[in-house]
*Asks:* 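Take this structure first; my questions come after.
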Amino acid sequence: MPELSRYLFLLGAVPFIVLGALHAWHTPTRTTDRKGLSPRDQSLAEAMTRSAPRLTDRTDIWRAWVGFNFSHSLGAVLFGLFVVMIGRSDASYAAQAALAAPLALLVSLCYLVLGFKYWFRTPIMGIGVSVSCFAAAWICIVLGAT
């Protein structure tokens with residue numbers, strides 16, 4: 001059961017790494033970029049460069065939005081890599097799985113809630129796979145401990 005749990009845990013990392021990298025790839029850095037996360041309305045992208053958030057005049061909405069997208073991508077990829085580091089060997093996983101599996105499940109559930117509230121089908125499906133894998137890994141741990 002521990003080996004199955006570790007493989008499920010590692011499989012749960014894959015959507016986060018892949019979707020995080022794809023999110024970064026599809027993030028435009030210039031208003032003229034026509035990438036997946038570019039606004040369909042070009043005038044909106046241009047208007048974002050002319051408006052500052054209420055918190056500060058040191059940036060504009062466009063640059064803040066680009067930064068939010070890249071930091072979101074970084075967070076997803078780093079979470080996936082954290083999972084891979086925990087599951088990289090039988091010994092590492094055995095030592096840390098009791099805490100790491102429920103934590104990974106909790107984090108992925110939070111992403112799933114955000115997905116249902118704010119995102120679209122592809123990330124919801126990918127994160128759903130991760131949630132399922134992390135839940136199954138944790139169940140294997142609990143059943144193996146009894």
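Just so we're clear, the structure is a prediction, and the values are computed from it rather than from any experiment.
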*Asks:* So which heavy atom on Val131 is nearest to which on Leu105, and how close?
*Replies:*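 Smallest interatomic distance, heavy atoms only, reads O-CD1, 3.6 Å.
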*Asks:* Please examine the side chains of Trp65 and Pro28, heavy atoms only from C-beta on, and report whether any two atoms are closer than 4.5 Å.
*Replies:*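 Side chain of Pro28 against side chain of Trp65, heavy atoms only: contact under 4.5 Å found.
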*Asks:* Is there a continuous path of hydrophobic side-chain contacts, each under 4.5 Å between heavy atoms, that joins Phe16 to Leu114?
*Replies:*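 Same cluster: Phe16 reaches Leu114 through Ile, Leu, Val, Met, Phe, Trp or Tyr contacts under 4.5 Å.
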*Asks:* Rounded to the nearest 0.5 Å, how far does CD1 of Ile86 lie from CD of Gln96?
*Replies:*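 That separation rounds to 3.5 Å.
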*Asks:* Tell me the closest heavy-atom pair linking Ala76 and Tyr111, and the distance in Å.
*Replies:*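 For Ala76 versus Tyr111, the nearest heavy atoms are N-OH, 3.8 Å.
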*Asks:* What are the two closest non-hydrogen atoms of Ala101 and Ile141, and how far apart are they?
*Replies:*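 Heavy atoms of Ala101 and Ile141 come nearest at CB-CD1, 3.6 Å.
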*Asks:* Taking atom CH2 of Trp62 as the centre, report whether more than 12 heavy atoms of other residues, nucleotides or ligands fall under 6.0 Å from it.
*Replies:*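 For Trp62, atom CH2 is crowded (more than 12 foreign heavy atoms under 6.0 Å).
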*Asks:* Following the transitive rule for hydrophobic clusters with a side-chain heavy-atom cut-off under 4.5 Å over Ile, Leu, Val, Met, Phe, Trp and Tyr, establish whether Leu11 and Phe79 coincide in one cluster.
*Replies:*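 Shared cluster, no.
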*Asks:* Listing request: all ring-ring contact (aromatic ring centres under 6.0 Å, His included) pairs with a residue in residues 22-53, at least two apart in sequence or in separate chains.
*Replies:*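 Of all non-adjacent pairs touching residues 22-53, those that pass ring-ring contact (aromatic ring centres under 6.0 Å, His included) are His23-His72.
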*Asks:* Could you tell me whether Asp41 atom CG has more than 12 heavy atoms of other residues or ligands within 6.0 Å of it?
*Replies:*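 Yes, enclosed.
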*Asks:* Got a second to check how far Phe134's CZ is from Leu109's CG, nearest 0.5 Å?
*Replies:*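 Reported to 0.5 Å precision, the distance equals 10.0 Å.
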*Asks:* Can you confirm whether the side chains of Arg34 and Ser38 place a donor and an acceptor under 3.5 Å from each other?
*Replies:*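 Checked: Arg34/Ser38 side chains show no N/O donor-acceptor pair below 3.5 Å.
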*Asks:* Salt-bridged, Asp60 to Arg50, with N to O below 4.0 Å?
*Replies:*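 Not counted as a salt bridge, because no side-chain N and carboxylate O are separated by less than 4.0 Å.
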*Asks:* For the residue pair Thr29 and Asp33, confirm or rule out a side-chain donor-acceptor distance under 3.5 Å.
*Replies:*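 Looking only at side-chain atoms, Asp33 and Thr29 do form a donor-acceptor pair, the distance falling under 3.5 Å.
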*Asks:* Hey, what do you get for OG1 (Thr31) to CE (Met48), rounding to the nearest 0.5 Å?
*Replies:*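 Nearest 0.5 Å value for the OG1-CE distance: 10.0 Å.
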*Asks:* Are Trp119 and Leu112 connected, step by step, through hydrophobic side chains (Ile, Leu, Val, Met, Phe, Trp, Tyr) whose heavy atoms are closer than 4.5 Å?
*Replies:*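 Trp119 clusters together with Leu112.
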*Asks:* Spell out, yes or no, whether Leu44 and Ile61 are grouped together once hydrophobic residues are joined by side-chain heavy atoms under 4.5 Å, including indirect joins.
*Replies:*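 Same cluster.
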*Asks:* Within this structure, what is the OG1-CG distance for the pair Thr27 and Leu22, rounded to the nearest 0.5 Å?
*Replies:*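 Interatomic distance, Thr27 OG1 to Leu22 CG, rounded to 0.5 Å: 10.5 Å.
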*Asks:* Verify, without hydrogens or angle tests, whether Ser92 (side chain) and Arg88 (backbone) share a donor-acceptor contact under 3.5 angstrom.
*Replies:*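 No, the answer is negative, given that no donor and acceptor are paired below the 3.5 Å cut-off.
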*Asks:* Which residue pairs satisfy the ring-ring contact (aromatic ring centres under 6.0 Å, His included) criterion with at least one member in residues 80-109, sequence neighbours excluded?
*Replies:*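 Counting only pairs at least two positions apart or across chains, the ring-ring contact (aromatic ring centres under 6.0 Å, His included) contacts touching residues 80-109 are Phe9-Tyr93.
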*Asks:* Which heavy-atom pair separates Val129 from Pro15 by the least distance, and what is that distance?
*Replies:*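 Smallest interatomic distance, heavy atoms only, reads CG1-CG, 4.2 Å.
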*Asks:* Between Gly87 and Arg6, what is the shortest heavy-atom contact and its length?
*Replies:*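 That closest heavy-atom pairing would be O-NH1, 2.6 Å.
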*Asks:* Can you tell me if CZ on Phe70 sees more than 12 non-hydrogen neighbours from other groups inside 6.0 Å?
*Replies:*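 Yes, the 6.0 Å shell around CZ holds more than 12 heavy atoms from other groups.
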*Asks:* Please report the interatomic distance CG(Leu4) to CG(Leu8), rounded to the nearest 0.5 Å.
*Replies:*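 The distance works out to 4.5 Å.
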*Asks:* Testing the basics here: between Val83 and Ala104, what is the closest heavy-atom pair and its distance to 0.1 Å?
*Replies:*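 Distance-wise, the nearest heavy atoms are CG2-CB, 4.3 Å.
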*Asks:* Any chain of hydrophobic side-chain contacts (each under 4.5 Å) joining Ile127 to Tyr118?
*Replies:*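 Yes; Tyr118 is reachable from Ile127 via cluster members.
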*Asks:* Between atom OG1 of Thr32 and atom CD of Glu46, what is the distance when rounded to the nearest 0.5 Å?
*Replies:*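 Thr32 atom OG1 to Glu46 atom CD measures 9.0 Å (nearest 0.5 Å).
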